[in-house]
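One structure below.
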There are 2 protein chains.
Amino acid sequence: MSPTPITTPDALAQRLAHSGLRSTPQREVIYDVLLKKRDHPTADEVYARVRTDLPSISLATVYNCLETLVQCDLVRAVNFERGPTRYCPNLRPHAHFHDEQSGSTHDIDLPADLLEKVSAVLPPGYDAKSVEITFRGKAQAKH
Amino acid sequence: MSPTPITTPDALAQRLAHSGLRSTPQREVIYDVLLKKRDHPTADEVYARVRTDLPSISLATVYNCLETLVQCDLVRAVNFERGPTRYCPNLRPHAHFHDEQSGSTHDIDLPADLLEKVSAVLPPGYDAKSVEITFRGKAQAKH
DNA sequence: GTACTAGTTTAGAATAGTTCTAATTATCAC
DNA sequence: GTGATAATTAGAACTATTCTAAACTAGTAC
């Protein structure tokens with residue numbers, strides 16, 4: 001279901017082009033930032049990191065680019081309760097674990113069949129395009 | 001895991017008292033409104049419905065009371081992407097299905113063992129207090 | 001019953017995160 | 001190069017929510 005992860009700028013350009021979009025410095029740097037430190041940053045955090053490379057980028061552009069990457073299936077937007085949206089370049093099927101103590105978010109890889117098993121609980125007439133699984137609790141320090 | 005649903009005002013009062021809180025007209029009416037129409041209303045929608053009974057209630061009180069009911073495990077707060085928080089008095093283990101066309105939310109009852117099965121994917125060191133499962137897609141009109 | 005105490009409600013201000021708007025800039029096709 | 005389209009930008013606007021400080025309410029001790 002999920003497309004293969006992309007790790008080179010060229011591949012990013014291709015994926016964008018496939019949706020009729022251009023590769024721009026802003027989009028590239030933002031995508032790089034997400035790949036480099038996979039700690040589910042918020043738009044603000046991405047903004048701060050990107051500015052070391054592109055000091056004149058605007059926050060609106062960060063939002064625009066993140067949304068673009070989400071639309072192209074290069075990045076997942078993750079929401080947890082009423083907190084700010086976080087962004088995640090992990091495209092394998094995975095759940096999210098939110099550590100209440102540290103506020104950090106961890107990816108939990110899912111066995112291939114689990115999402116199917118979960119979707120099987122849907123009564124007839126329900127057609128799910130996506131499933132989100134989110135845990136909340138505490139994780140040991142080392143994570 | 002989930003406490004038994006409460007359907008009488010007395011039981012609500014007891015549950016509140018158990019947390020050292022009082023039963024007030026505002027809390028009662030808000031809880032009634034949630035029980036009466038289980039369509040996952042937002043705080044604004046609750047506010048509108050409650051005002052037919054308590055025309056002078058304030059929106060802040062609606063937020064306060066909803067939060068109180070959530071704290072007492074009488075109501076679940078449900079978030080979907082960046083939309084406003086919705087409130088749900090269904091305490092049985094269930095997932096949520098968001099119909100993209102209508103914007104409506106449906107409860108999906110879960111078999112007793114599913115949440116355990118899902119939690120079993122957590123690596124050692126992760127201790128989940130709660131699990132959320134959310135589907136997105138389209139549901140047939142009759143739902 | 002009066003006074004004390006803590007819990008509750010209230011209106012409105014403040015905040016956070018995000019989206020919108022309109023202008024500017026960059027890129028592509030010809 | 002020129003024109004068309006896409007992308008970026010700054011700042012205003014918006015939405016949902018939380019905060020603040022004052023007013024109100026209810027139970028308790030006398």
Side-chain angles (χ1 to χ4, degrees), chain A residues 9 12-31 33 40-51 53-72 74-87 103 105, chain B residues 9 12-31 33 40-51 53-72 74-75 77-88 103 105:
Chain A
L12 168 63
Q14 270 178 33
R15 184 66 72 84
L16 285 166
H18 185 261
S19 305
L21 301 168
R22 295 175 190 157
S23 187
T24 66
Q26 290 87 343
R27 287 172 180 167
E28 281 168 17
V29 172
I30 286 175
Y31 189 51
V33 153
H40 303 83
T42 64
D44 263 338
E45 286 164 351
V46 171
Y47 180 48
R49 292 175 198 178
V50 164
R51 286 217 280 180
D53 277 351
L54 296 175
S56 66
I57 197 172
S58 79
L59 180 57
T61 301
V62 173
Y63 275 102
N64 289 343
C65 292
L66 287 169
E67 177 60 21
T68 300
L69 296 174
V70 169
Q71 291 308 314
C72 295
L74 290 162
V75 165
R76 262 175 73 179
V78 181
N79 284 103
F80 179 59
E81 296 183 354
R82 294 225 54 72
T85 301
R86 297 173 171 281
Y87 297 87
T105 302
Chain B
L12 167 63
Q14 271 177 32
R15 184 66 72 83
L16 287 166
H18 184 261
S19 304
L21 301 169
R22 295 177 191 155
S23 186
T24 65
Q26 290 88 343
R27 287 174 179 165
E28 282 167 16
V29 172
I30 285 175
Y31 188 51
V33 153
H40 303 81
T42 64
D44 262 339
E45 286 162 352
V46 171
Y47 181 48
R49 291 175 199 178
V50 164
R51 286 217 281 181
D53 276 351
L54 296 174
S56 66
I57 197 172
S58 80
L59 180 57
T61 300
V62 172
Y63 274 102
N64 289 344
C65 292
L66 287 170
E67 178 60 20
T68 300
L69 296 173
V70 169
Q71 290 308 313
C72 294
L74 289 163
V75 164
V78 182
N79 284 103
F80 179 60
E81 295 183 357
R82 293 226 53 72
T85 301
R86 297 174 171 278
Y87 297 88
C88 164
T105 302

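In what follows, chains carry the letters A, B, and so on, assigned in the order in which the sequence lines appear, proteins first and then strands, with residues in each chain numbered from 1.
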Look for any protein N or O under 3.5 Å of an N or O in nucleotides 5-13 of chain D and output each such pair with its distance, or none.
unit_1 : atom_1 : unit_2 : atom_2 : d
dA6(D) : O4'    : R22(A) : NH1    : 3.4
dA6(D) : O4'    : R22(A) : NH2    : 3.2
dA7(D) : OP1    : R22(A) : N      : 2.8
dA7(D) : OP1    : R27(A) : NH1    : 2.8
dT8(D) : OP1    : T24(A) : OG1    : 2.6
dT8(D) : OP1    : Q26(A) : OE1    : 3.3
dT8(D) : O3'    : Q26(A) : NE2    : 3.1
dT9(D) : OP1    : S56(A) : O      : 3.4
dT9(D) : OP2    : S58(A) : N      : 3.3
dT9(D) : OP2    : T61(A) : OG1    : 2.5

For T85(B), which contact category applies under a 4.0 Å heavy-atom criterion: base, sugar-phosphate, or nothing?
-> sugar-phosphate
Residues two or more places apart in sequence or in another chain: which of them pass ring-ring contact (aromatic ring centres under 6.0 Å, His included) with Y63(A)?
-> none
State which residues pass side-chain contact (heavy atoms from CB on, under 4.5 Å) with S19(B); sequence neighbours excluded, sorted by chain then number.
-> L21(B), C72(B)
Grab the CD-P distance between E45(B) and dT17(D) for me, whole Å please.
-> 11 Å
Side-chain contact, heavy-atom cut-off 4.5 Å: L12(A) with L69(A)?
-> yes
R51(B) CZ to dA11(C) C1', straight-line distance once rounded to whole Å | 13 Å
Below 4.0 angstrom from OP1 or OP2 of dT17(D), is there any side-chain N or O of Y63(B)?
-> yes
Grab the CG-P distance between N79(A) and dA16(C) for me, whole Å please.
-> 18 Å
Whole-Å distance separating the CG atom of D44(A) from the P atom of dT15(C) = 16 Å
Find the distance Y31(B):OH to dT8(C):P and express it as a whole number of Å.
-> 17 Å
Which residues pass the ring-ring contact (aromatic ring centres under 6.0 Å, His included) test with Y47(B), sequence neighbours left out?
-> none
Those residues at least two apart in sequence (or on a different chain) that pass side-chain hydrogen bond (donor to acceptor under 3.5 Å, both in side chains) with T85(A) are N79(A), R82(B)
dT17(D) P sits how many Å from L66(B) CG, rounded?
-> 10 Å
Atom CD of Q71(B) to atom P of dT18(D): distance rounded to whole Å?
-> 11 Å
Sorted by chain and residue number, the side-chain contact (heavy atoms from CB on, under 4.5 Å) partners of T42(B) (sequence neighbours excluded) come out as D44(B), E45(B), P84(B), R86(B)
Rounded off to whole Å, could you give me the CZ-to-C1' distance for the R82(B) and dT17(D) pair?
-> 11 Å
